[in-house]
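Structure first, then comments.
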2 protein chains.
Amino acid sequence: MPRSVPDKRTRLIDTAARLTHEQGYNRTTLADIARESGVPLGNVYYYFSTKEALGEALVDRMNGAYESLRARWNANEDPKARLNAFIQMTIDNRDVLARSGCPVGTLCAELHKAGGPLADHAATLFDNILKWLEQQFRRIGKSGAESRDLAAHVLSALEGGSLLTHTFHDPRFAVREANRLKEWIRDL
Amino acid sequence: MPRSVPDKRTRLIDTAARLTHEQGYNRTTLADIARESGVPLGNVYYYFSTKEALGEALVDRMNGAYESLRARWNANEDPKARLNAFIQMTIDNRDVLARSGCPVGTLCAELHKAGGPLADHAATLFDNILKWLEQQFRRIGKSGAESRDLAAHVLSALEGGSLLTHTFHDPRFAVREANRLKEWIRDL
DNA sequence: GTCTATATGTGGATAGAC
DNA sequence: GTCTATCCACATATAGAC
């Protein structure tokens with residue numbers, strides 16, 4: 001029994017993900033999400049008791065999506081190839097980054113101004129990325145401490161490039177940082 | 001006639017700068033700013049016709065503050081020393097960065113989700129930084145195109161490090177990126 | 001220039017019928 | 001499970017006396 005239209009709960013999370021990325025979390029209202037999902041506003045509260053609960057589900061969904069990507073990259077045995085696949089994502093998404101920034105970076109920046117449990121939950125997105133990056137550097141033969149530093153450097157450069165790309169609506173900033181990292185990994 | 005208390009307009013901008021950095025622009029209300037400035041809410045509108053007008057003044061003030069810093073760094077003739085002074089700012093401010101992130105980076109990220117004239121105005125903060133950085137690399141002897149790339153790389157690394165430092169409330173991410181840049185500049 | 005009171009709009013959340 | 005109507009809090013902005 002194929003379902004061409006996902007169930008309401010899924011639709012609400014998907015719409016929340018898109019609108020939060022485009023407009024920011026605070027500026028995205030439950031009324032926006034409900035309308036774009038084709039769900040009446042009052043019905044949203046059957047699935048999510050508060051906006052924050054929807055935010056938590058949104059972070060969970062993003063974590064799952066990135067976990068799927070990492071699983072795919074793990075099919076390649078070469079850790080440098082895995083790192084390059086991660087970096088290539090920035091290049092492939094350059095136009096989206098120019099329009100709305102990195103979905104993870106902008107979400108973390110915004111939520112950590114408010115604090116609270118949702119902010120900490122969003123930080124797990126970066127944490128999971130860092131852990132995976134660290135594993136790849138260990139496979140290359142780096143020590144534990146150095147692997148953590150190198151992982152942080154990769155993510156810092158890509159996030160910084162994404163921020164400039166977003167601010168100037170110019171994909172080149174992120175692409176240049178990505179290419180710089182690829183050369184740097186090649187020579188490691 | 002020394003004035004220990006700045007005039008109202010100045011106080012409003014200063015308070016707006018602090019609260020916007022701590023809480024974000026959207027979550028900071030004019031009532032917050034008025035209260036913390038010791039100005040009645042209705043009186044705010046005598047100085048700024050809209051919240052956006054206050055936002056513009058805030059960006060202008062930040063541009064002026066960073067311009068003053070750059071003027072001080074320009075007193076040193078050595079371009080590498082100037083670059084190091086810029087990078088050192090990240091290290092000196094590490095605890096503030098851990099609590100609230102980079103004032104410029106978080107402001108640009110938040111405002112560019114909404115778009116509009118204020119977002120473009122905020123981008124001038126990064127633009128002025130990049131122009132100054134580019135000048136230093138030209139002084140070192142780099143070409144125009146390469147100087148622009150190197151300037152973008154410095155800012156990307158520091159902003160990315162600041163974002164991770166903010167997200168994890170851990171100063172080390174920004175400090176490591178700063179130290180890495182210092183070594184990189186030394187060997188240029 | 002200053003300040004109180006208030007208008008206006010909007011967002012999160014609830015009540016309660018179906 | 002679904003949906004309409006509505007409550008309540010709060011943010012921007014205005015009116016108008018002083």
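Proteins get letters first, then strands, A, B, ... in listed order; numbering begins at 1 in each.
With rounding to whole Å, Lys51(B) atom NZ is found 8 Å from dA11(D) atom C1'. Distance CZ (Arg35(B)) to P (dC3(C)): 16 Å, rounded to an integer number of Å. For the pair Asn43(B) CG and dT12(D) P, the computed distance is 16 Å after rounding to whole Å. Taking atom CG of Asp32(B) as the reference point, atom C1' of dC10(D) lies 11 Å away to the nearest angstrom. One can place CG of Leu54(A) at 10 Å from P of dG12(C), the figure rounded to the nearest angstrom. Rounding to whole angstrom units, CZ of residue Arg27(A) and P of dA11(D) are separated by 16 Å. Ile33(B) places its CD1 atom 11 Å from the P atom of dA11(D), with the value rounded to the nearest Å. One interatomic measurement links the two molecules: CG of Leu41(B) to P of dA7(C), which rounds to 15 Å at whole-angstrom precision.
Taking the ring centre of Tyr45(A) as origin, the terminal cationic atom of Lys51(A) falls outside the region bounded by 6.0 Å and 45° from the ring axis. Relative to the ring axis of Tyr46(B), Lys8(B) does not place its NZ or CZ within 45° and under 6.0 Å from the centre.
No salt bridge links Asp149(B) with Lys142(B); every basic N to acidic carboxylate O contact stays at or beyond 4.0 Å.
At the heavy-atom level, Phe48(A) lies nowhere under 4.0 Å from the strands shown.
Phosphate proximity of dT2(C) to Tyr46(B): absent, as no side-chain N or O sits under 4.0 Å from OP1 or OP2.
At most 12 non-hydrogen atoms from other residues, nucleotides or ligands lie less than 6.0 angstrom from CZ of Arg172(B).
Comparing dT4(C), dA13(C), dC3(D) by their closest approach to the side chain of Pro40(B) singles out dT4(C). Distances from the side chain of Tyr47(B) to the nucleotides dT2(C), dC3(D), dT12(D) place dT2(C) closest. Relative to the side chain of Tyr45(A), the nucleotides dA13(D), dA13(C), dT2(C) differ in distance, and dA13(C) lies closest. The side chain of Thr29(A) has dG12(C) as its nearest neighbour among dA13(C), dA13(D), dG12(C). Distance from the side chain of Thr50(B) is smallest for dA13(D) among the nucleotides dG12(C), dA13(D), dT2(D).
Side-chain heavy atoms closer than 4.5 Å link hydrophobic residues (I, L, V, M, F, W, Y) into clusters, and following such links, possibly through other members, connects Trp132(A) to Ile140(A).
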